[in-house]
> 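The following block contains the structure, expressed as structure tokens.
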Amino acid sequence: MASGADRISDLPDDVIHHVLSLLPSRDAVRTCALARRWRDLWRSVPAVRVAGARGWASFDALARFVDSLLRLRRGGAALDACDFDLRFDGAFPGEELQGDTWISRALRRQVRALRFTVSTHPRVPIPLSDSPLVSHNLTTLELRGVQGNDQVLDFSSCPSLVDLKMKDCYVGGLEMWSPSLKHLSMTYCVFYCDYRTRMDFPSLVTFKFNTNTGRTPLLETMPSLATAAVRLDHFCHDRCANGWYDDCGDAGCKGCHDYYRPDEYDCVFLEGLTEATDLTLLAYSKVLLILCVLVSTPRINKTQAVHGSKYVFDGTDMVSIALKGHSSPLVGVSGASRIRLFGSIEKI
């Protein structure tokens, strides 16, 4: 203005903090040079946003900045969101990526929403340490491009966690568990090829499972489940290399090796979805859904006989069974009030 008055500096701290929280943290810190009034405001901004590695002389310079950013935050200042969006044009910088340290520091700062995403070329998941995440304040967690393990995927030490998104992650664990989680989305994640990961989320309300690789996980009962959207396509390893809809007997077929559910499970996957009131199941025509049990039907297809009480379905079979209504003996259908089952995905 013509008078030269600094009207912005006259704004209340909470208004300035809100404005700074919308900026990348590097820009927010630079405002300390504007005036004495701004010198320490960045230390209590309610959001930390680290966007990409571009613009830094080296990754080491970026790492030092993030270390200082988290270490020098004003004690007691609320941290509503922490967003690490790390993109690399080439391979990740090896041990220099201090993801575990940054995540731990954010949790100690009582962050409520944490997003940690890594993108490299070629795509390589970044391993996290073998220690659980511990926070009584964390409500939302988004992970991308990381490799988990049984300790990291045990979210029982985050009793307030309600929303979890995982994309392009290597699961790397045999169990995933949270008593509080209500919303789960997993997309383009990689599961084990030879083992099934057990997923236990008793409070889950919405579930999205889209285009993941490896063995279909074992789902425990989810009594609060309202909406589930599942897409199993040619990345799913539960399919016969020889085109059978039951065990082909070929010892070299990885799809048929040890695909049946453990003795204590009535089904592998669909039983966990029985309480859903809105279920969308999209299955590639050759994926073996060895995931459910029929009670009395001796065969599910005019051309494919199935022995015993263990049944597998392709997409077309599931559509025909669903159209029979709620009297169908298909475990995983009778509890749902609205079901959309699609089959035969030939083009993804």
Side-chain angles (χ1 to χ4, degrees), residues 8 14-34 38-74 77-129 133 135 137-148 152 161 163-170 185 187-189:
I8 295 180
D14 57 344
V15 175
I16 296 179
H17 282 150
H18 175 71
V19 173
L20 294 181
S21 71
L22 303 177
L23 299 175
S25 291
R26 191 181 190 185
D27 293 335
V29 171
R30 285 170 171 166
T31 62
C32 70
L34 293 177
W38 294 75
R39 183 173 298 171
D40 293 317
L41 287 176
W42 66 270
R43 296 178 59 195
S44 48
V45 173
V48 168
R49 305 190 188 280
V50 179
R54 293 181 179 177
W56 295 89
S58 65
F59 181 79
D60 185 59
L62 170 61
R64 289 197 304 269
F65 170 77
V66 177
D67 288 341
S68 299
L69 182 68
L70 296 173
R71 178 171 49 84
L72 297 177
R73 278 189 61 84
R74 182 167 292 162
L79 184 55
D80 295 330
C82 194
D83 186 352
F84 298 102
D85 187 356
L86 305 175
R87 301 170 186 266
F88 304 98
D89 294 331
F92 72 96
E95 297 180 356
E96 291 181 336
L97 183 56
Q98 305 173 43
D100 292 314
T101 301
W102 298 343
I103 290 174
S104 297
R105 285 183 177 173
L107 294 179
R108 287 198 298 270
R109 295 293 184 178
Q110 301 181 356
V111 65
R112 296 180 177 86
L114 174 61
R115 179 173 177 262
F116 187 85
T117 69
V118 182
S119 177
T120 63
H121 183 76
R123 185 178 300 174
V124 178
I126 308 304
L128 299 178
S129 65
L133 304 181
S135 172
N137 303 90
L138 186 67
T139 62
T140 302
L141 176 63
E142 181 176 348
L143 299 173
R144 180 172 183 176
V146 302
Q147 177 179 331
V152 170
L161 183 65
D163 194 339
L164 172 63
K165 295 183 176 68
M166 297 179 66
K167 186 175 182 179
D168 293 326
C169 292
Y170 184 83
S185 174
T187 306
Y188 300 121
C189 291

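Along the sequence shown, the residues carry numbers beginning at 1.
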> If you define the side chain from C-beta out and look only at heavy atoms, does anything of T117 sit under 4.5 Å from D168?
no
> Is the shortest heavy-atom distance from the side chain of L133 to the side chain of L141 under 4.5 Å?
yes
> Considering only heavy atoms from C-beta outward, does the side chain of W38 approach that of L20 to under 4.5 Å?
yes
> Closest heavy-atom contact between D163 and L161?
O-CD1, 3.7 Å
> Check this for me: does any side-chain nitrogen of one of E142 and K165 sit under 4.0 Å from a carboxylate oxygen of the other?
no
> Do L86 and W102 have side-chain heavy atoms sitting under 4.5 Å apart?
yes
> Restricting to pairs with a member in residues 102-111, which pass salt bridge (Lys or Arg N to Asp or Glu O under 4.0 Å), not counting sequence neighbours?
D67-R105
> Taking side chain as C-beta onward, heavy atoms only, is H17 less than 4.5 Å from L41?
yes
> Quick one: salt bridge (Lys or Arg N to Asp or Glu O under 4.0 Å) partners of R73, sequence neighbours excluded?
none
> Return each pair, listed once, that meets salt bridge (Lys or Arg N to Asp or Glu O under 4.0 Å) where at least one residue sits in residues 15-28; pairs must be two or more places apart or across chains.
D27-R30
> For A28, is there any backbone N or O sitting under 3.5 Å from a side-chain donor or acceptor partner on T31?
yes
> Are any of the side-chain heavy atoms of L128 and I103 separated by less than 4.5 Å?
yes
> Does the side chain of F65 reach to within under 4.5 Å of the side chain of V29, using non-hydrogen atoms?
yes
> State whether the side chain of R49 and the backbone N or O of L22 hold a donor-acceptor pair below 3.5 Å, judged by distance alone.
no
> Under 4.5 Å between any side-chain heavy atoms of L114 and F84, yes or no?
yes
